[in-house]
Amino acid sequence: MQELPPTVKLVAVSKYHSEEEISEAYEAGQRIFAESRPQEFEKKVRNLPDDIQWHFIGHLQTNKLKMVLPYAGLIHSVDSLHLIQEIDKWGKENGRTVNILLEMHIASEETKQGFYEEEILDIMFDSRKFANVRICGLMGMATNTDDEETVETDFRRISSFFEYLRDLFPEMEEFKELSIGMSGDWRTAIRHNATMVRIGTAIFGERNYSK
Ligand SMILES: *Cc1c(COP(=O)(O)O)cnc(C)c1O
C-alpha cells in the first residue's frame, strides 16, 4: 500500500476482522476504516478510538439507519432513491448533514447493485431537494474477474461519467470523490483517477466468515 499516490485515500475494509487487527492497523497510522454490516459497525465504533473515521460500504436497510448514520463519516453504498430520502429525513430530524456517495452499477454481473447513469443524473438535478444529504461523489465495483480488459472498461465508464458530472455541476464543490478499486484491482482504479480505494484482503488477509 506504500505505492498509493498521496492524493488517494486508503479506506481499510475491516469487515469480519477483529478489533485487535484494526488496532494494529491503527497503531501503524491508518485512520479510515470501513464496515459493511450495521451491527458490527456500531460495536466497533463504540470499542475503538474516537479519532477513527468510519465509513460504511455495505447494503444499508432503512430500518438500520440509526445504527450507522450517527457515526459514519461517509456512506459509499447509497443505491436507491428511497434510501436517499430516508437518510435526508434522518438528517433533518437529527440536525445533521450526511455525506454519501452514489453507487453506480458498472459490473457486468446482474447481481451488483447500483444506479444507472440516467438515475444518477435525475438525482443530481434534484439534489437540492435533499438538504440534509451531501453527495460527495460516486462509488463503483468492477466485474469480479481476472480479465483486465473488462475491469478497465468498467472503471473507464464510471471515471468518465464522474468527470462529466463534475463539468455539469461545477457549483457542487463537494462532489469530488471517486471510490473505486479493491484488493484485486486498485492499481487499475488509480489509473482511472480513483480518489479512494477500498482495500480489505490486501491489508488484513482473508476474512473469517465464521465470526
Ligand atoms: C469487502 C469490500 C471491499 C474490500 O474487498 P477486498 O477484495 O477484500 O479488498 C471493498 N468494497 C466493498 C464494497 C466491499 O464490500
Side-chain angles (χ1 to χ4, degrees), residues 1-4 8-19 21-22 24-26 28 30-45 52-61 64 67-69 71-80 83 87 99-115 120 135-148 150-152 154-155 157-159 162 177-211:
M1 300 289 87
Q2 253 93 40
E3 305 156 61
L4 280 184
V8 178
K9 290 190 209 79
L10 173 60
V11 177
V13 177
S14 48
K15 63 186 184 196
Y16 297 93
H17 290 288
S18 68
E19 291 172 7
E21 289 172 280
I22 298 174
E24 268 176 48
Y26 177 87
Q30 179 64 25
R31 287 296 179 272
I32 309 177
F33 293 89
E35 292 286 329
S36 64
R37 297 183 299 173
Q39 233 136 2
E40 182 179 357
F41 175 87
E42 198 182 28
K43 184 163 168 283
K44 286 173 173 172
V45 168
I52 288 181
Q53 208 189 317
W54 292 99
H55 291 188
F56 194 81
I57 58 171
H59 183 63
L60 186 53
Q61 287 172 308
K64 302 278 170 63
M67 300 168 79
V68 173
L69 299 188
Y71 319 108
L74 183 65
I75 315 283
H76 290 238
S77 43
V78 172
D79 59 358
S80 78
L83 181 56
I87 293 174
N99 296 324
I100 69 164
L101 304 179
L102 301 175
E103 181 170 353
M104 179 169 160
H105 180 99
I106 50 172
S108 36
E109 294 112 346
E110 283 293 324
T111 51
K112 296 248 165 96
Q113 59 247 24
F115 293 110
I120 292 177
I135 304 176
C136 301
L138 299 182
M139 181 273 230
M141 283 170 90
T143 309
N144 186 7
T145 171
D146 291 335
D147 180 46
E148 182 73 11
T150 305
V151 174
E152 286 277 348
D154 293 346
F155 284 157
R157 188 166 135 220
I158 189 169
S159 183
F162 176 69
E177 303 292 353
L178 181 59
S179 168
I180 51 173
M182 313 189 349
S183 293
D185 56 19
W186 62 269
R187 288 181 184 81
T188 312
I190 285 170
R191 278 206 305 283
H192 290 282
N193 303 324
T195 66
M196 289 181 174
V197 291
R198 309 176 310 270
I199 314 273
T201 313
I203 296 176
F204 297 108
E206 292 297 325
R207 286 180 277 278
N208 181 359
Y209 289 113
S210 63
K211 276 191 292 191

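We count ligands from 1, going down the list as the structure has it; atoms in each ligand are counted the same way. The shown structure was predicted, so the numbers you read here are calculated from the model rather than taken from an experiment. Because only heavy atoms are used, hydrogens play no part in the values below, and waters and symmetry mates are left out as well, while side chains stay in.
Atoms of ligand 1 found under 4.0 Å from any heavy atom of Gly200, numbered from 1 in the order shown, are 4 (C), 6 (P), 8 (O), 9 (O). Listed by number with element, the atoms of ligand 1 under 4.0 Å from a non-hydrogen atom of Ser183 are 6 (P), 7 (O), 8 (O), 9 (O). Shown in contact with Thr201 at under 4.0 Å from a heavy atom are these atoms of ligand 1, numbered in order with element: 6 (P), 7 (O), 8 (O), 9 (O). Under a 4.0 Å criterion applied to the non-hydrogen atoms of Ile199, ligand 1 contributes the atoms 9 (O). The distance from ligand 1 to the heavy atoms of Arg198 drops below 4.0 Å at these ligand atoms: 4 (C), 9 (O), 10 (C), 11 (N), 12 (C), 13 (C).
Judged by the shortest distance from any of its heavy atoms, Arg207 lies inside the 4.0 Å radius around the atoms of ligand 1.
In this structure, Glu148 pairs ionically with Arg191, as a charged nitrogen and a carboxylate oxygen lie closer than 4.0 Å.
Protein heavy atom nearest atom 5 (O) of ligand 1, with residue, atom name and distance: Met182 CE, 3.6 Å. For atom 2 (C) of ligand 1, the closest heavy atom belonging to the protein is Lys15 NZ, 2.6 Å.
Glu177 and Thr195 share a donor-acceptor pair across their side chains, judged by distance under 3.5 Å alone. Under the 3.5 Å distance criterion, with hydrogens and angles disregarded, no donor-acceptor pair is assigned to the side chains of Gln61 and His59. Judged purely by distance below 3.5 Å, without hydrogens or angles, the side chains of Glu21 and Ser14 never pair a donor atom with an acceptor atom.
Not counting sequence neighbours, the partners of Glu42 by the side chain to side chain contact (heavy atoms under 4.5 Å, CB included) test are Arg46, Met67, Tyr71.
Under the 3.5 Å distance criterion, the side-chain polar atoms of Thr143 are matched with a main-chain donor or acceptor of Ser108.
Considering backbone and side-chain N/O atoms, Ala202 never comes within less than 3.5 Å of an N/O atom of ligand 1.
Taking the six-membered ring where tryptophan is involved, the planes of Phe155 and His192 are tilted, since the angle between them lies from 30° to 60°.
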